[in-house]
Every structure is written in C-alpha cells, then in structure tokens.
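Just so you know, these numbers use all the heavy atoms, side chains as well, and skip hydrogens, waters and symmetry mates. This one's a predicted model, so the numbers in the text were calculated from it and none came from an experiment.
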Amino acid sequence: MAAFTFSLCFLLSFTFLFVLVHPSSSSSASPYLYPSTFSMNYNKMLTSFKIFIYPTTQRITFYSPSASNFYDSVLNSAFIAQEPEEAHLFFVVFSPEVSTRSQARLVRELRTKYPYWNRTLGADHFFISPEGIDFSSDRNALELKKNSVQISVFPTVSGKFIPHKDISLPPVSKSSLVLSHAAVNMDRSFLGYLKWDGKTEEELVEELRLDSEFVVETEPLDQLGRVKTSKFCLFFYEAESTADLTEAMAAGCVPVVIVDRPVQDFPLMDVLRWSEMALLIGNRRGGQGLKTVLGGVPEDRYERMRELCVAAAHHMVWNAEPQAYDAFHMVIYQLWMRRHTIRYTRREEF
C-alpha cells in the first residue's frame with residue numbers, strides 16, 4: 001500500500017495537537033463548524049461506526065491517489081462489519097472505468113440479491129467515483145446518483161457533485177515538503193504566491209508576473225520558501241493547481257481559489273469552516289482586481305484565517321497508515337454523519 005499512499009511530513013508539537021483535537025468552546029478560535037461536539041462525535045464514530053462492503057470478484061484500481069488511499073484504508077480498517085446487519089452504511093464497489101449501463105446492472109443485482117438497497121433506495125449506500133457519475137434515465141443508475149453518497153476527488157467535475165450529500169477527498173500533494181509548525185511565523189514578503197502549470201489562465205498569470213507583490217513559479221524548486229513568505233497562496237479551481245492546498249495551509253499561507261462560481265465541494269465541507277479559512281475570487285477581476293481584494297483583507301481577519309488554516313491542515317493529511325484525525329478518518333467521519341438516512345418515495349418516472 002505504501003507504493004501509492006502518501007505521508008505529509010510536518011511536525012506538530014504535543015501542545016498544538018492537544019488543542020487541535022480538543023477544541024475549545026470558543027467557535028472563533030476553532031476551525032470546526034461545530035467545535036463543542038466535534039471530539040465527542042468523533043469518538044462515537046470510532047467506537048460504533050460500521051461499514052459493510054458488498055462482495056466483489058473484481059480487482060479494483062483507482063488511479064487517483066486520494067481515491068486509492070481511501071479505498072485501501074477502508075479495506076484495512078476496523079470499521080468493516082463482517083455481518084451486514086451490523087452496518088450503518090453499505091459500500092458499493094465498482095471500477096471507475098465502468099459504464100453507466102454496468103452501474104445500473106450492479107444496482108439491479110444488489111436490489112434482487114440483498115434486502116438492504118430497497119429499504120432506502122440506496123440512501124444508506126456509498127461509492128467511490130473519482131470524477132463523479134452523471135445522471136441517467138435508467139432507474140437503477142438514477143437511484144445510485146441521486147440517493148447514494150458519492151465520494152470523488154477535489155475539485156469535482158461541474159454537474160457531477162450534489163452538495164450536502166456527496167463528499168470530496170482532500171488532495172494528495174505531489175511535493176515532498178517538510179513543514180514545521182514554527183514556520184508559519186516567518187515574515188511575509190509577498191502578497192501572493194502561485195505555482196503555475198504553464199497553461200491555465202495565461203493573461204491573469206502574466207499580470208501577476210509583472211507585479212512585485214506576487215511571485216509566480218513554474219518549477220517548484222524553492223516552493224517551500226516562497227509559500228512560507230507569502231500571505232496568500234493562489235489556486236486555480238482545477239486538480240493540478242490544488243494539489244498543494246494542504247502544504248499551503250500548514251505553512252500559514254491562506255488559500256485563494258480563483259473561480260467564477262460558488263464552490264460547494266471543498267474537502268471536509270461538513271467539518272471545517274472554509275468560509276473563514278479561504279477566499280474565492282473570480283478570474284474576471286483580473287490581476288489588479290485580485291490584488292485589490294487581497295490587499296483589502298484586514299490584518300486581524302488575515303491572522304485569524306491563517307491560524308485556522310494551520311489548525312485545520314492536520315485533517316487534510318493522508319498517511320500510509322491512517323492516524324487519528326487525519327484525512328482518512330475525517331472522510332469516515334463525514335460518512336458517519338450521513339448514517340441517518342431518509343427513505344425516498346418511489347416515483348413512477350424512474
């Protein structure tokens with residue numbers, strides 16, 4: 001499993017970790033949406049939550065690192081129920097390459113072979129699809145899409161993610177940065193940092209290149225130093241750009257997502273207060289508009305955002321062997337929050 005798993009190596013002091021996983025009652029000092037109940041609910045999840053995996057003879061390979069990490073960690077976790085009657089949720093496993101017709105056929109088999117799908121029309125089931133699945137006219141495929149929890153990568157494909165039901169996975173970084181908690185207190189020499197892929201939004205990037213308050217790199221040779229000395233880290237809303245989101249947050253570089261629409265698929269959306277940790281800025285503002293927005297963030301607000309990012313980064317880390325409160329456990333926690341399902345009424349048009 002180590003061949004395709006990733007461990008982000010940044011050190012947190014015991015004191016910091018204690019505060020992180022035992023949030024205070026003050027919501028303003030916590031990265032959590034519900035700080036007063038988070039630890040209690042997390043512990044309940046650890047001791048009681050069970051998942052039943054439907055048997056499959058297929059050898060499933062997920063080429064997305066985060067999907068692969070999650071899948072393998074689930075298979076080897078203590079959350080697996082040996083008997084379906086013990087389970088709170090049911091895991092439907094299929095290859096990300098299968099067609100909609102094959103997905104529909106699989107649901108038909110579950111419907112006839114087992115009694116569990118029909119109880120909620122799949123609402124207490126979940127599946128992994130890195131890119132997400134489309135809506136379909138087939139009743140079985142439609143129930144899978146509308147009712148079951150889809151787990152996909154961040155950012156998700158437009159139109160293939162249903163907010164408040166589906167879950168996106170924290171990205172797995174391609175870098176090998178080693179970050180320390182102390183690094184976040186370094187002086188910030190730049191207003192914004194952007195690692196550019198050499199293709200996306202060339203006009204905006206060229207504007208930023210010409211501004212001495214921004215640094216743009218295509219080769220991340222000195223990325224760690226640039227991230228630590230930048231107030232904001234800029235990310236285009238696409239998978240290649242957001243790969244280093246966790247490192248930026250851990251280094252105290254507040255993420256700015258450049259996107260022209262609302263974002264409802266941030267990782268751990270049910271757990272973290274993204275509205276107070278990140279900024280969304282439309283590309284149509286241009287370089288000067290982006291600079292105006294960033295420069296207008298009050299210092300006290302910026303410091304609070306930075307502190308929340310550092311505290312939350314621990315939950316975005318994928319480990320070769322899952323550890324307490326890491327990305328794997330936070331995704332499981334979001335599934336645990338969905339264990340109370342709604343019974344959907346059958347509709348004639350299915």
Side-chain angles (χ1 to χ4, degrees), residues 1-8 31 33 42 45 49 51 53 60-77 79 89 91-97 125-133 145 148-175 235-250 255 257 259 263-272 274 277-278 309 312-338:
M1 182 173 66
F4 43 80
T5 52
F6 171 83
S7 179
L8 174 67
L33 288 171
Y42 178 87
M45 177 267 294
F49 188 44
I51 297 168
I53 304 179
I60 307 298
T61 300
F62 292 99
Y63 296 101
S64 161
S66 55
S68 180
N69 285 0
F70 178 73
Y71 177 63
D72 286 289
S73 296
V74 168
L75 296 184
N76 294 286
S77 75
F79 298 108
L89 293 183
F91 185 9
V92 183
V93 182
F94 55 83
S95 169
E97 300 175 345
H125 289 56
F126 71 92
F127 62 93
I128 300 174
S129 177
E131 295 187 359
I133 63 174
K145 174 64 179 179
S148 300
V149 179
Q150 172 183 285
I151 298 179
S152 50
V153 301
F154 173 78
T156 57
V157 178
S158 178
K160 294 187 177 182
F161 185 87
I162 301 177
H164 312 298
K165 176 181 76 69
D166 296 339
I167 294 172
S168 69
L169 298 168
V172 174
S173 175
K174 294 182 179 179
S175 69
F235 298 95
F236 292 111
Y237 185 68
E238 49 91 23
E240 287 297 317
S241 179
T242 57
D244 295 321
L245 181 67
T246 302
E247 283 88 346
M249 294 171 62
V257 181
V259 59
V263 174
Q264 296 179 295
D265 65 331
F266 272 117
L268 315 185
M269 196 77 174
D270 304 325
V271 181
L272 301 178
W274 281 105
M277 297 192 302
C309 283
H314 173 74
H315 297 307
M316 302 276 286
V317 177
W318 291 99
N319 294 292
E321 295 294 332
Q323 299 175 16
Y325 296 94
D326 67 359
F328 168 70
H329 283 96
M330 288 299 98
V331 175
I332 291 292
Y333 180 74
Q334 289 182 106
L335 285 172
W336 178 82
M337 294 172 71
R338 288 159 170 75

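- Within the 4.5 Å cutoff, no side-chain heavy atoms of Asn69 are placed close to those of Leu169.
- Counting only heavy atoms from C-beta outward, the side chains of Pro155 and Val263 never approach each other to under 4.5 Å.
- Distance CD/Glu240 to CZ/Phe235: 13.0 Å, rounded to 0.5 Å.
- Side-chain contact between Tyr71 and Val93: present, with at least one pair of heavy atoms (C-beta onward) separated by less than 4.5 Å.
- Of all non-hydrogen atoms in Asp326 and Val317, the two that sit nearest each other are CB-O, 3.3 Å.
- Contact annotation: the side chain of Leu335 approaches that of Phe49 to within less than 4.5 Å [non-hydrogen atoms, C-beta and beyond].
- Panel note: side chain Tyr42, backbone Tyr325; a donor-acceptor pair is recorded below 3.5 Å.
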Q.
Is there a side-chain contact (heavy atoms from CB on, under 4.5 Å) between Val74 and Phe328? Walk through the geometry before answering.
A. CA-CA 8 Å; Val74 168; Phe328 168 70; 3.6 Å; yes

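- Residue Pro31 comes nearest to Ala312 through the heavy atom pair CB-CB, 4.0 Å, listed as atom of the first residue, atom of the second, then distance.
- Of all non-hydrogen atoms in Trp274 and Pro267, the two that sit nearest each other are NE1-O, 2.6 Å.
- Counting heavy atoms from C-beta on, the side chains of Ser241 and Val257 never come closer than 4.5 Å.
- The two residues Met269 and Leu33 come nearest to each other via the heavy atoms O-CD1, 3.4 Å.
- Residue Thr246 comes nearest to Met316 through the heavy atom pair OG1-CB, 3.3 Å, listed as atom of the first residue, atom of the second, then distance.
- Side-chain contact check for Ile51 versus Ile332: some heavy-atom pair is nearer than 4.5 Å.
- The line from OG of Ser73 to CZ of Phe79 is 10.5 Å long, rounded to the nearest 0.5 Å.
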Q: Let me see the working for Arg338 and Ile167 under side-chain contact (heavy atoms from CB on, under 4.5 Å), right down to the final yes or no.
A: CA-CA 10 Å; Arg338 288 159 170 75; Ile167 294 172; 3.7 Å; yes

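- With a 6.0 Å radius and a threshold of 12 heavy atoms from other residues, nucleotides or ligands, Glu131 has its CD atom at or below the threshold.
- When the options Met330, Met249, His329 are evaluated for a side-chain contact (heavy atoms from CB on, under 4.5 Å) with His315, the one that passes is Met330.
- Here CG of Asp270 is found 9.0 Å from OH of Tyr333. Values are rounded to the nearest 0.5 Å.
- Panel note: side chain Gln150, backbone Ile162; no donor-acceptor pair is recorded below 3.5 Å.
- Taking CZ of Phe161 as the reference point, atom CD1 of Ile133 lies at 13.0 Å (rounded to 0.5 Å).
- Residues passing the side-chain hydrogen bond (donor to acceptor under 3.5 Å, both in side chains) test with Ser129: none are found, sequence neighbours excluded.
- Of all heavy-atom pairs between Pro171 and Thr242, the closest is CG-O, 3.5 Å.
- A side-chain donor-acceptor contact under 3.5 Å links Lys145 to the backbone of Lys160.
- Looking at Glu97 and Tyr63, their side chains come closer than 4.5 Å, going by heavy atoms from C-beta outward.
- Here Thr156 pairs with Asp265 under the side-chain hydrogen bond (donor to acceptor under 3.5 Å, both in side chains) rule; sequence neighbours left out.
- In this structure, the side chains of Phe266 and Leu272 stay at 4.5 Å or more apart for every pair of heavy atoms.
- A distance of 6.0 Å or more separates the ring centres of Phe91 and Phe127.
- Summarising the geometry, atom CG belonging to Asp166 is positioned 9.5 Å from atom OG belonging to Ser148; distances are rounded to the nearest 0.5 Å.
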